[in-house]
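Values below: every heavy atom of this structure, side chains too, minus hydrogens, waters and symmetry copies.
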Amino acid sequence: MYLMGFIHRDGLFELAIRWFSDHIEPADGCFLTKVFIYESLISGPAGQRFLMDILRATHGGSFGLKRIGVKDQLREAILTGCSEPTERMEGLFQQYLELPEEFFPQTPTDLILATGEDGILLGMARLKRLRRVAEKASRRVADRLAGAIKRQARFLAQARADAVGIPLDRLLTPPETMAEEFATAERIISQAFRDEQIPFAPSPKTSVF
């Protein structure tokens with residue numbers, strides 16, 4: 001089940017990148033239909049059963065499952081359930097307690113928390129919806145293109161510096177020339193994106209707190 005989840009995640013990311021560059025394939029509609037059916041009818045119940053099997057094998061006894069919709073609830077569960085925090089964890093916990101507004105309060109999420117009979121956090125499972133895949137793809141595209149445009153503009157400026165035989169950091173560029181170079185860089189990168197010459201790849205998120 002989780003293998004299929006990774007296949008769908010990577011497949012959706014690849015599809016989103018192709019669609020951003022106006023490249024649609026005949027099988028895309030069938031693939032999306034299968035993914036929607038998989039998510040609504042199979043993924044949720046199967047994921048919950050898998051989580052319960054892991055909890056029975058690792059903790060035994062009884063436990064409760066609670067679905068939450070904002071990350072504040074997750075952070076509170078972590079604070080309550082961590083009995084032996086490391087020095088790094090203690091620092092994070094203290095920072096959160098003193099300045100909770102810096103941790104983006106009310107950030108939406110979709111999580112299942114598993115707690116023991118004493119209410120201590122045992123584990124969690126995060127549910128990823130298709131909309132989140134699209135949101136991540138759009139952010140990755142925007143970040144990737146912005147970086148590519150800056151590098152291309154620097155390359156154009158470097159070419160001007162080389163033409164007059166001076167280092168780039170000594171090149172004086174009028175604002176109108178700089179704006180024109182950035183516009184040129186945008187056109188170059190836009191064409192490269194449409195031609196699928198800029199690679200993208202999904203990457204896992206590394207922070208949960």
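- Side-chain contact check for Leu171 versus Gln158: every heavy-atom pair is 4.5 Å or farther apart.
- The OH atom of Tyr96 sits 6.0 Å away from the CZ atom of Arg75 when rounded to the nearest 0.5 Å.
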side-chain contact (heavy atoms from CB on, under 4.5 Å) assessment of Thr115 paired with Leu65:
CA-CA 7 Å; Thr115 56; Leu65 298 179; over 6 Å; no

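- Every residue two or more places apart in sequence or in another chain that forms a salt bridge (charged side-chain N to carboxylate O under 4.0 Å, His left out) with Asp53 is listed here: Arg56.
- Taking CZ of Arg151 as the start and CD1 of Ile149 as the end, the distance is 10.0 Å to the nearest 0.5 Å.
- Linking Ile, Leu, Val, Met, Phe, Trp and Tyr whenever their side-chain heavy atoms come within less than 4.5 Å leaves Phe193 and Ile188 in two separate clusters.
- Remark: Phe63 CZ to Met52 CE distance equals 4.5 Å, nearest 0.5 Å.
- The OG1 atom of Thr58 lies 7.5 Å from the CG atom of Leu122; values are rounded to the nearest 0.5 Å.
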Evaluate the side-chain contact (heavy atoms from CB on, under 4.5 Å) criterion for residues Gln95 and Phe103: first the C-alpha distance (whole Å), next the side-chain angles of each, then the deciding distance (0.1 Å), finally the verdict.
CA-CA 9 Å; Gln95 183 180 355; Phe103 289 80; 4.0 Å; yes

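- Put simply, the side chain of Asp72 never gets that close to the backbone of Pro105: no donor and acceptor are under 3.5 Å apart.
- Heavy atoms only, all atoms of each residue included: Met124 and Leu113 are closest at CB-CD2, 3.8 Å.
- Looking only at atom types and distance, the side chain of Glu98 has a donor-acceptor partner in the side chain of Gln94 under 3.5 Å away.
- The CD1 atom of Ile189 sits 8.5 Å away from the CZ atom of Arg144 when rounded to the nearest 0.5 Å.
- For Glu87, the CD atom sits in a loose shell: 12 or fewer heavy atoms of surrounding residues, nucleotides or ligands are nearer than 6.0 Å.
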From CA spacing to verdict: side-chain contact (heavy atoms from CB on, under 4.5 Å), Leu156, Phe182:
CA-CA 9 Å; Leu156 295 174; Phe182 264 91; over 6 Å; no

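- Cluster annotation: Met178 and Ile166 are assigned to distinct hydrophobic clusters (Ile/Leu/Val/Met/Phe/Trp/Tyr, side-chain heavy-atom contacts under 4.5 Å, transitive).
- No continuous path of ILVMFWY side-chain contacts below 4.5 Å connects Leu55 to Ile120, so the two sit in separate hydrophobic clusters.
- Between the side chain of Thr80 and the backbone N or O of Ala77 there is no donor-acceptor pair closer than 3.5 Å.
- Although no hydrogens or angles enter the test, the distance criterion places no donor-acceptor pair under 3.5 Å between the side chain of Thr177 and the main chain of Thr173.
- Legend: side chain to side chain donor-acceptor pair (under 3.5 Å) pairs involving residues 180-189, not counting sequence neighbours, sorted by first then second residue: Arg160-Glu181, Thr184-Arg187.
- Between Gln73 atom CD and Glu76 atom CD the span is 9.5 Å, to the nearest 0.5 Å.
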Between Leu15 and Glu25, is the side-chain contact (heavy atoms from CB on, under 4.5 Å) condition met? List the steps.
CA-CA 9 Å; Leu15 182 144; Glu25 296 183 355; over 6 Å; no

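- Of the possible polar contacts, none joining the Arg67 side chain to the Ile112 backbone as a donor-acceptor pair under 3.5 Å is found.
- With a 6.0 Å radius and a threshold of 12 heavy atoms from other residues, nucleotides or ligands, Glu101 has its CD atom above the threshold.
- Of the candidates Leu97, Leu121, Leu74, Leu92, Leu79 forms a side-chain contact (heavy atoms from CB on, under 4.5 Å) with just one, namely Leu97.
- Nearest heavy atoms, Leu51 versus Ala125: CD2-CB, 3.9 Å.
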